[in-house]
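First up is the structure itself, then whatever we jot down about it.
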Amino acid sequence: MVLFFIVFLFHPLPCASSKQELGRCETLFQCGNIMAGFPLWGGNRDKLCGHPSLELRCNKYITSLTISDQEFRVLQINQSSNTLRLARTDHMGSFCSSNFTNTTLPPKLFKLPPTYKNVTLVYNCNPSGLHFQVYKCPITGLIFVSDNPESYNFCIDGFTANVPRTFVAEKKDLADLESVLKKGFEVKVKINKSEYEHGKYGPLHPPTG
């Protein structure tokens with residue numbers, strides 16, 4: 001009897017260990033006015049308590065999330081609807097000084113709601129094809145924003161951005177474009193919590209894809 005007690009003391013049963021791990025996951029990520037639980041993690045919230053690709057970071061009360069090597073500022077989290085409002089960090093300042101790269105969201109993790117759309121910003125255009133008023137940056141030059149990039153085949157380079165569906169691509173005010181990008185966009189996280197808690201993965205073995 002004494003021997004059994006000693007073994008139990010130093011080698012707790014698996015169910016006890018599992019309860020300890022689940023209890024650890026009750027801790028929420030906190031940064032400024034942002035609080036988050038599953039499927040997000042970071043800070044005092046353990047990595048085992050969320051998806052490995054959804055690590056939140058806190059710097060001077062500002063929350064950020066890196067997706068596909070691109071840093072986003074987390075403006076808002078709605079846990080009940082499993083949605084985030086994100087804005088690219090490089091879009092928080094002057095548009096002309098931002099990185100002209102695509103906004104890429106892995107389709108296995110995220111879904112853009114119907115209230116938002118994807119637009120293409122094209123630049124390095126052939127002057128002979130310019131028949132429209134456009135945005136203009138000091139170094140990059142003329143920039144078009146279009147829902148139909150095929151109509152600007154006289155331009156060499158371009159990148160995509162997510163904006164509200166109500167955004168009018170033909171508006172020519174650069175300040176309006178900057179304001180829209182700074183406000184960010186909503187995205188739904190496509191992760192089923194039951195796969196972690198009751199499925200084949202379990203709370204200690206989340207999927208990696």
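Reckoned from all heavy atoms, side chains included, excluding hydrogens, waters and symmetry mates.
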How far does [atom1] of [X] sit from [atom2] of [Y], to the nearest 0.5 angstrom?
X	Y	atom1	atom2	answer
I34	Q76	CD1	CD	7.0 Å
L54	F38	CG	CZ	9.0 Å
L75	K183	CG	NZ	11.5 Å

Check your understanding: Parallel, tilted or perpendicular for F159 and F100, by the 30°/60° rule?
Key -> parallel
Exercise for review: Answer whether the closest heavy-atom distance between the side chains of I62 and C31 falls below 4.5 Å.
Suggested key: no
Side-chain polar contacts of residues 91-98 - donor-acceptor pairs under 3.5 angstrom, sequence neighbours left out - could you list them?
| unit_1 | atom_1 | unit_2 | atom_2 | d |
| --- | --- | --- | --- | --- |
| S94 | OG | C96 | N | 3.4 |
| S97 | OG | S94 | O | 2.9 |
| S98 | OG | F95 | O | 2.6 |

Exercise for review: Using a strict 4.0 Å threshold on nitrogen-to-oxygen distance, state whether E55 and R57 make a salt bridge.
Suggested key: yes
Kindly write out the residues that satisfy side chain to side chain donor-acceptor pair (under 3.5 Å) with [X], not counting sequence neighbours, or none if the list is empty.
X	result
N44	none
Q30	none
T101	Q70, R88
S68	none

Review point. So, for F29 and C58, which heavy atoms are closest and what is the spacing to 0.1 Å?
Key: CZ-CB, 4.1 Å
Practice item. Could you tell me whether the side chain of T103 and the main chain of T160 form a donor-acceptor pair under 3.5 Å? Key: yes
Exercise for review: Please test V122 against D157 for side chain to side chain contact (heavy atoms under 4.5 Å, CB included), starting from the C-alpha separation and ending with a verdict.
Suggested key: CA-CA 6 Å; V122 294; D157 297 313; over 6 Å; no
Check your understanding: Is atom NZ of K190 surrounded by more than 12 heavy atoms (other residues, nucleotides or ligands) closer than 6.0 Å?
Key -> yes
Point to revise | Other cluster members, M35 - Ile/Leu/Val/Met/Phe/Trp/Tyr, side-chain contacts below 4.5 Å | key: L28
**Study point:** Test side chain to side chain donor-acceptor pair (under 3.5 Å) applied to N78 and S80, step by step
**Key:** CA-CA 6 Å; N78 189 327; S80 60; 2.5 Å; yes
